[in-house]
Number of protein chains: 2
Amino acid sequence: MPVRSERTYAISELAREFGVTARALRFYEDKGLLTPLRDGQARVYRGRDRVRLQLILRGKRVGLSLQEIKDILDLYDLGDGQRAQMQVALKKFKARIVALEAQKRDILHAIESLKEGIAFLEGRLAAPASPEGVAAARAFEKEARRRLGEGG
Amino acid sequence: MPVRSERTYAISELAREFGVTARALRFYEDKGLLTPLRDGQARVYRGRDRVRLQLILRGKRVGLSLQEIKDILDLYDLGDGQRAQMQVALKKFKARIVALEAQKRDILHAIESLKEGIAFLEGRLAAPASPEGVAAARAFEKEARRRLGEGG
DNA sequence: AAGTCGCTTGACGTAAACGTCAAGCTTAAG
DNA sequence: CTTAAGCTTGACGTTTACGTCAAGCGACTT
């Protein structure tokens with residue numbers, strides 16, 4: 001099989017593709033999350049970097065800090081000797097999953113709240129100062145209180 | 001019915017209950033997200049503030065900025081006159097729901113990635129440098145590539 | 001040769017979300 | 001009366017994640 005050299009990307013290409021700035025890519029490199037090759041002084045990104053960037057951005061979207069993301073990425077570079085670090089990482093991963101599952105619940109709550117907000121708004125837009133609008137508003141507040149376990 | 005005066009909270013009480021600092025509560029007030037009463041100069045938080053704080057923290061956990069949260073909270077104080085703002089808010093809410101649903105997917109992805117990471121780690125911990133460990137590592141990388149639609 | 005593009009490395013700036021004092025008021029306890 | 005606890009308002013500091021120049025290099029075009 002031929003060693004068909006992998007497709008590579010210039011910094012601006014990769015940036016455009018992922019909707020980030022070149023500055024951000026350099027920043028990630030600075031922080032040790034990306035390690036592109038060099039052609040002279042220009043950075044050359046491979047598929048590997050593209051994969052990593054994808055993971056970085058996904059991590060960011062779920063609220064991980066760059067440092068946390070780096071910890072995760074670094075993990076796969078750990079040698080067989082560092083069992084201690086692996087144990088530590090394992091605990092962190094499990095804790096992170098618990099946190100993410102809580103976050104998932106938060107998101108579902110938020111979506112519900114927003115949908116209630118939409119109902120509230122649409123009610124008021126349909127019939128200004130109408131009983132329905134007021135009712136929707138009261139329902140929303142009541143619901144919020146119920147979730148906090150408060151009296152009406 | 002008696003006007004049984006609602007239970008109130010001192011700043012440190014509310015802070016402790018929600019696991020935030022008093023400074024944070026003052027900060028939220030500064031930004032217009034909370035409006036506690038005053039007893040002399042001391043802040044007095046009511047159930048209303050407690051509800052709002054709950055929404056604030058939940059919003060934060062799903063990645064909303066304080067400004068965005070404020071926009072949402074303010075909405076329920078809009079008069080019947082401001083139909084334009086309500087229309088704007090309605091669009092924002094709907095867009096936000098779409099974003100949150102994307103975020104939910106990200107979280108599910110992240111959880112999966114972490115579980116793969118855990119499998120990877122546990123494999124290596126169980127049998128250092130074993131074929132299984134290597135296999136898990138390769139599987140993980142391959143999976144990441146597959147998601148990006150790349151060739152192996 | 002001169003200009004333009006895209007890239008580079010600093011270096012300084014910035015917004016968000018608080019943390020961390022400092023200095024002073026107030027209220028209950030000793 | 002003074003001490004302590006808990007509150008207040010500034011005001012400055014900090015971290016994260018970049019944005020925004022400035023100045024210069026290298027390749028290509030005109």
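All values derive from a computational prediction rather than experimental measurement.
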Validation: residues 65-73 of chain B side-chain donor-acceptor distances under 3.5 Å, sequence neighbours left out:
residue	atom	partner	partner atom	Å
B:Ser65	OG	B:Gln67	N	3.4
B:Ser65	OG	B:Glu68	N	3.1
B:Ser65	OG	B:Glu68	OE1	3.4
B:Gln67	NE2	B:Asp71	OD1	3.0
B:Glu68	OE1	B:Ser65	N	2.8
B:Glu68	OE2	B:Arg96	NH2	2.3
B:Lys70	NZ	B:Asp74	OD2	2.9

Non-neighbouring partners of A:Thr35 that pass side chain to side chain donor-acceptor pair (under 3.5 Å), sequence neighbours left out: A:Arg48
Sugar-phosphate only, base, or nothing, as touched by A:Ala10 at under 4.0 Å among non-hydrogen atoms: sugar-phosphate
Residues A:Arg52, A:Asp49: salt bridge by 4.0 Å N-O rule: no
Sugar-phosphate only, base, or nothing, as touched by B:Arg26 at under 4.0 Å among non-hydrogen atoms: base
For A:Lys94, salt bridge (charged side-chain N to carboxylate O under 4.0 Å, His left out) partners two or more places apart: B:Glu122
Letter per nucleotide, 5' to 3', of nucleotides 12-17 of chain C [B base touched, S only sugar-phosphate touched, - untouched; heavy atoms, 4.0 Å]: -----B
Where at least one partner belongs to residues 24-38 of chain B, residue pairs that pass salt bridge (Lys or Arg N to Asp or Glu O under 4.0 Å), sequence neighbours excluded: B:Glu29-B:Arg38, B:Glu29-B:Arg43
Close N or O pairs between protein and nucleotides 24-27 of chain C (under 3.5 Å):
none

Set of residues satisfying salt bridge (charged side-chain N to carboxylate O under 4.0 Å, His left out) with respect to B:Arg61, sequence neighbours excluded: A:Asp106
Linked hydrophobic residues, A:Val44 as query - side chain contacts closer than 4.5 Å: A:Leu37
Positional range of nucleotides in DNA chain D within the contact set of chain A, heavy-atom, under 4.0 Å: D:dA17 to D:dT20
OP1 or OP2 of C:dG19 under 4.0 Å from side-chain N/O of B:Thr21: yes
For B:Arg23, salt bridge (charged side-chain N to carboxylate O under 4.0 Å, His left out) partners two or more places apart: none
Atom pair CG (A:Leu125) and CG (A:Leu121), whose distance is rounded to the nearest 0.5 Å: 6.0 Å
Results of salt bridge (charged side-chain N to carboxylate O under 4.0 Å, His left out) for A:Glu13 - residues two or more places apart only: A:Arg7
